[in-house]
Amino acid sequence: MSKEQTRRVLPRSFYTRLDATVIARELLGKVIVTSSEEGETAGIIVETEAYMGPDDLACHAHSNRITPRNKTMYDIGGTSYVYICYGMHNLFNAVTGEEGMGHAVLIRAVEPLLNETLMVSRRRKEKISPVITNGPGKLSTALGITKEWNGLDLTDPKSPIIIVDGSLDREFGRIDEGPRVGMSHHTKNCGNFPWRFKYADNKWTSKPDKVSYDW
DNA sequence: CGAATGATCGGCT
DNA sequence: GCCGATCATTCGA
């Protein structure tokens, strides 16, 4: 990563604000940069979901419960929270809020920006297409994110994973809001909170691509 | 210690 | 659209 990009790492103050839905929205268009021995890769965030602490039944931090898995969710905003889902997928979140709050933003899709070749090969595919990064598990594979990167400081330029303000000369258009994905068993209340954010006209977003309240 | 459960994905119909 | 893979994690006995 260039010196110029390093200067644009999102600062702590970006993450420690309230609430997570604001940050989830503002993370759209920002850039995740990862580095490993394999090389450097980067993607533009095009889809996010907010998870908010004790009152959000779908959040790992609901009811303020603390377990070995979710404890980094209570760290200060700007920390990475990576966990294994369905026994095989690494899901990447940016912790938000102050220490102890248990808020985070899940990154659900990115648009490849740097080193498509490495991302395609990590996904064991032949060519670049949205299937490389259009899901939370997929983008982690493409960017080389594993649970070993849980608890890292996303605001430290020396971290293997950081989020920068790409200052991209791009117009991303309208933002869709809708219910979060995978909430079918949370129909009680939190299931239909409109805490999923995505660019309406970007082909790199995940499925289901329809934003609906028909349930 | 055993059973149940996923903030998913990919293959198949 | 449906379904099985696959296992870390959590919870209860």
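The sequence lines fix the lettering, A, B, ..., with proteins before strands; numbering per chain opens at 1.
Between A:Asn192 atom CG and B:dA7 atom C1' there is a gap of 16 Å when expressed in whole angstrom units. Nucleotide B:dT8 holds its P atom 12 Å from the CG atom of A:Leu139, rounded to whole Å. Distance, A:Tyr86 OH to B:dA7 P: 6 Å, rounded to whole Å. Here B:dA7 presents its P atom at 19 Å from CZ of A:Phe197, a figure rounded to the nearest Å. Rounded to an integer number of Å, the gap from A:Phe92 CZ to B:dT8 C1' is 18 Å. B:dA7 atom P lies 17 Å from atom CE of A:Met52, rounded to whole Å. One can place CE of A:Met88 at 7 Å from C1' of B:dT8, the figure rounded to the nearest angstrom. The distance from atom CD1 of A:Ile84 to atom C1' of B:dA7 is 13 Å, rounded to the nearest whole Å.
No hydrogens or angles considered: a donor-acceptor pair under 3.5 Å links the side chains of A:Asn150 and A:Thr72.
With distances taken from any side-chain atom of A:Lys138 to the nucleotides B:dT8, C:dC11, B:dC9, the minimum falls on B:dC9.
When heavy atoms are screened at a 4.0 angstrom cut-off, A:Arg123 is found touching the sugar-phosphate backbone but no base atom. Residue-level contact check: A:Arg65 touches the backbone only, with heavy atoms under 4.0 Å from sugar-phosphate atoms and none from bases.
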Steps toward side-chain hydrogen bond (donor to acceptor under 3.5 Å, both in side chains) verdict (A:Thr48, A:Arg196): CA-CA 6 Å; A:Thr48 60; A:Arg196 177 191 188 199; over 6 Å; no
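With the nearest nucleotide of DNA chain C identified for both A:Lys147 and A:His89, A:His89 has the one nearer the 5' end.
Between A:Arg196 and B:dA7, a side-chain N or O to OP1/OP2 separation shorter than 4.0 Å is absent.
A:Asn70 contributes no side-chain N or O that, together with a main-chain N or O of A:Met73, makes up a donor-acceptor pair within less than 3.5 Å.
Between A:Asp19 and A:Arg25 there is no salt bridge, since none of the side-chain N atoms of the basic residue sits less than 4.0 Å from a carboxylate O of the acidic one.
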Pairing string, 5' to 3', for DNA chain B - Watson-Crick or wobble contacts under 3.5 Å, brackets [ ] where pairs cross, | to another strand: ||||||.|||||.
Anything under 3.5 Å between a donor and an acceptor, one on a side chain of residues 84-101 of chain A, the other on a protein residue two or more places apart or in another chain? List them.
from    : atom 1 : to       : atom 2 : distance (Å)
A:Asn90 : OD1    : A:Lys147 : N      : 3.0
A:Asn93 : ND2    : A:Tyr81  : O      : 3.2

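A centroid separation of less than 6.0 Å is found between the aromatic rings of A:Tyr83 and A:His60.
The side-chain hydrogen bond (donor to acceptor under 3.5 Å, both in side chains) with A:Ser206 is formed by just one residue from the set A:Glu47, A:Lys138, A:Lys198; it is A:Glu47.
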